[in-house]
Amino acid sequence: MSRRVVVTGLGAITPIGNTAEAFWEALTRKEVGIGPITSFDTSEYKAKLAAEVKDFNPQDYMDRKAAKRMERFAQFAVAASGMALTDAGLSMEKEDPYRVGVSVGSGIGSLQALEREHTRLEKGGPRKVNPLLVPLMISNMAAGNVSIQFGLKGKSLNVVTACASGTQCIGEAFRSIQYGEADVMVAGGAESSITPIGVAGFQSLTALSTSEDPLRASIPFDKERSGFIMGEGAGILVLEELEHARARGAKIYAEVKGYGSTSDAYHITSPAEDGSGAAKAMECAVADAGIAPEQVDYINAHGTGTHHNDLFESRAIENLFGEHAFRLKVSSTKSMIGHLLGAAGGVEAVACVKTLEKGYVHATAGYQVPDEECRLDYVTGEGISIDVHYCLSNSLGFGGHNATLCFGKYEEA
């Protein structure tokens with residue numbers, strides 16, 4: 001028999017708030033964290049906006065020496081994980097460290113380190129390249145540094161599935177606890193790729209919005225949507241086996257009920273046009289949760305603001321839920337924070353847990369022009385107070401990766 005898994009801690013570094021609570025409060029206010037890119041000169045770029053993290057000082061979360069041996073994405077991961085562990089009230093002195101693991105993903109790792117050291121290579125030759133380039137750059141160092149920083153010696157994962165990375169890391173952490181490989185897992189995603197090569201690459205792919213109006217740049221499901229806005233940050237959950245959480249008197253935010261993962265086997269960037277892969281991931285998560293599709297109240301959509309993603313995800317929801325699709329509330333957190341790539345699923349999982357806790361579904365900000373092909377209730381206008389018992393969080397990644405998590409209100413069995 002698999003074990004029940006609950007959420008006992010939350011941490012977030014986002015473009016609209018550097019704690020889980022600040023992030024959530026900003027979502028309820030429809031605060032948009034998008035603005036002109038400040039980290040480099042965009043005069044030659046068509047895409048000029050991003051959702052940058054503001055007022056982040058790594059030394060607020062770790063000592064200076066540790067911070068210097070981490071790139072920005074790993075710093076975000078450590079900061080958010082520290083907050084989540086504190087929120088969970090977990091004392092590692094009282095835990096078997098080999099029963100506490102990490103599952104924190106990053107889709108890309110550090111483009112900053114790669115750009116910086118490539119410039120040194122071009123100017124001064126190979127001897128000028130930082131000997132720490134590789135351990136600074138590689139994407140598993142989000143998980144690695146979280147493990148090192150907090151003394152977590154259990155299994156350590158870095159699932160890299162592009163924009164599905166954070167969601168799949170939480171899903172695999174959930175499985176690890178369900179089947180007895182760990183009692184506690186620190187899980188989520190971290191990303192920081194708002195760099196010249198990162199923006200240029202996505203821009204060349206015509207995936208980015210070129211709008212210069214922050215309030216009309218990331219507009220998921222809107223007929224005038226024209227691409228996504230790059231964001232950065234980290235979202236972390238502390239997942240815990242139910243009896244372990246009860247034994248130490250932990251506050252329980254919600255329960256992880258199900259996880260589904262599929263592949264479109266279709267195209268390297270476009271989702272399957274009929275939404276079949278995403279629909280199957282949702283179907284698997286709902287079945288894993290042991291509930292009927294009609295019991296789902298809310299879906300936190302992948303909702304990137306690209307034409308294909310929003311249309312095909314809407315089709316997926318309609319295909320799975322039938323008439324119930326039109327009763328569901330669907331909204332996109334990316335409308336306010338942009339697309340955090342490998343961190344998106346982690347941050348959006350935090351939003352889902354807060355939705356269950358607060359009984360409030362945040363709006364899809366910036367939505368103005370209905371698209372007759374996107375026919376669902378995207379919570380336009382203001383957010384709404386409703387009792388949410390079950391919600392899904394969707395993430396879709398380049399390569400055809402689909403991942404869905406099902407969260408539910410915690411109830412004593």
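Please read these numbers as outputs of a predicted model, since none were measured by experiment.
Judged by distance alone, the side chain of Ser39 and the main-chain N or O of Ile194 form a donor-acceptor pair under 3.5 Å. With Lys30 contributing its side chain and Gly381 its backbone, the two residues share a donor-acceptor pair below 3.5 Å. Under a 3.5 Å cut-off, the side chain of Asp297 and the backbone N or O of His389 do form a donor-acceptor pair. Here the side chain of Thr28 pairs a donor or acceptor atom with the backbone of Glu25 at under 3.5 angstrom. In this structure, the side chain of Thr86 engages the main chain of Gly82 through a donor-acceptor pair within 3.5 Å. For Arg72 (side chain) and Ser192 (main-chain N/O), no donor-acceptor pair under 3.5 Å exists by modelled atom type. A donor-acceptor pair is defined here as one N or O able to donate and one able to accept, closer than 3.5 Å; such a pair exists between the side chain of Ser106 and the backbone of Ala190. In this structure, Lys54 contributes its side chain and Pro15 its backbone to a donor-acceptor pair below 3.5 Å. A donor-acceptor pair under 3.5 Å links the side-chain atoms of His324 to the main chain of Val296, judged by distance alone.
Closest approach of Thr262 and Gly277 over heavy atoms only: OG1-O, 2.7 Å. The two residues Val353 and Ala254 come nearest to each other via the heavy atoms CG1-CB, 4.3 Å. Scanning all heavy atoms of the two residues, the minimum distance from Ile34 to Ser218 falls at CD1-CB, 3.6 Å. For the pair Cys406 and Leu392, the tightest heavy-atom approach, listed with the atom from each and the gap, is CB-CD2, 3.6 Å. The minimum heavy-atom distance between Val104 and Ala143, with the atom names listed, is O-CB, 3.7 Å.
Residues satisfying the ring-ring contact (aromatic ring centres under 6.0 Å, His included) criterion with Phe150, sequence neighbours excluded, are absent altogether. Residues meeting the side-chain contact (heavy atoms from CB on, under 4.5 Å) test with Glu318, sequence neighbours left out: Ala325, Phe326, Arg375, Leu376.
Here the straight-line distance linking atom CG of Asn130 with atom CE of Met137 works out to 11.5 Å at 0.5 Å rounding.
One side chain, Ser176 or Lys155, offers a donor N or O that lies under 3.5 Å from an acceptor on the other. Remark: the Asn158 side chain and the Ser139 side chain contain an N/O donor-acceptor pair separated by less than 3.5 Å.
Within the 4.5 Å cutoff, side-chain heavy atoms of Val388 are placed close to those of Cys391. No side-chain heavy atom of Asn145 sits less than 4.5 Å from a side-chain heavy atom of Arg69. Within the 4.5 Å cutoff, the side chain of Met92 has no heavy atoms near those of the Lys153 side chain.
Using the six-membered ring where Trp is involved, Phe56 and Phe76 have ring planes that are perpendicular, over 60° apart on the 30 and 60° scheme.
Aromatic rings of Phe221 and Tyr378 (six-membered ring for Trp) have centroids within the 6.0 Å cut-off, being under it. Two rings, from Phe40 and Tyr45, have their centers less than 6.0 Å apart.
Remark: Asp310 engages Arg225 in a salt bridge, criterion side-chain N to carboxylate O under 4.0 Å.
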Pairs of donor and acceptor atoms involving the side chains of residues 394-401, under 3.5 Å and at least two apart or interchain, shall be tabulated with distances.
residue : atom : partner : partner atom : Å
Asn394  : OD1  : Thr404  : OG1          : 2.8
Asn394  : ND2  : Glu313  : OE2          : 3.2
Ser395  : OG   : Thr167  : OG1          : 2.6

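Of the options Glu232, Glu115, Gln112, Arg116, a side chain to side chain donor-acceptor pair (under 3.5 Å) to Thr195 is made by Glu115 and by none of the others.
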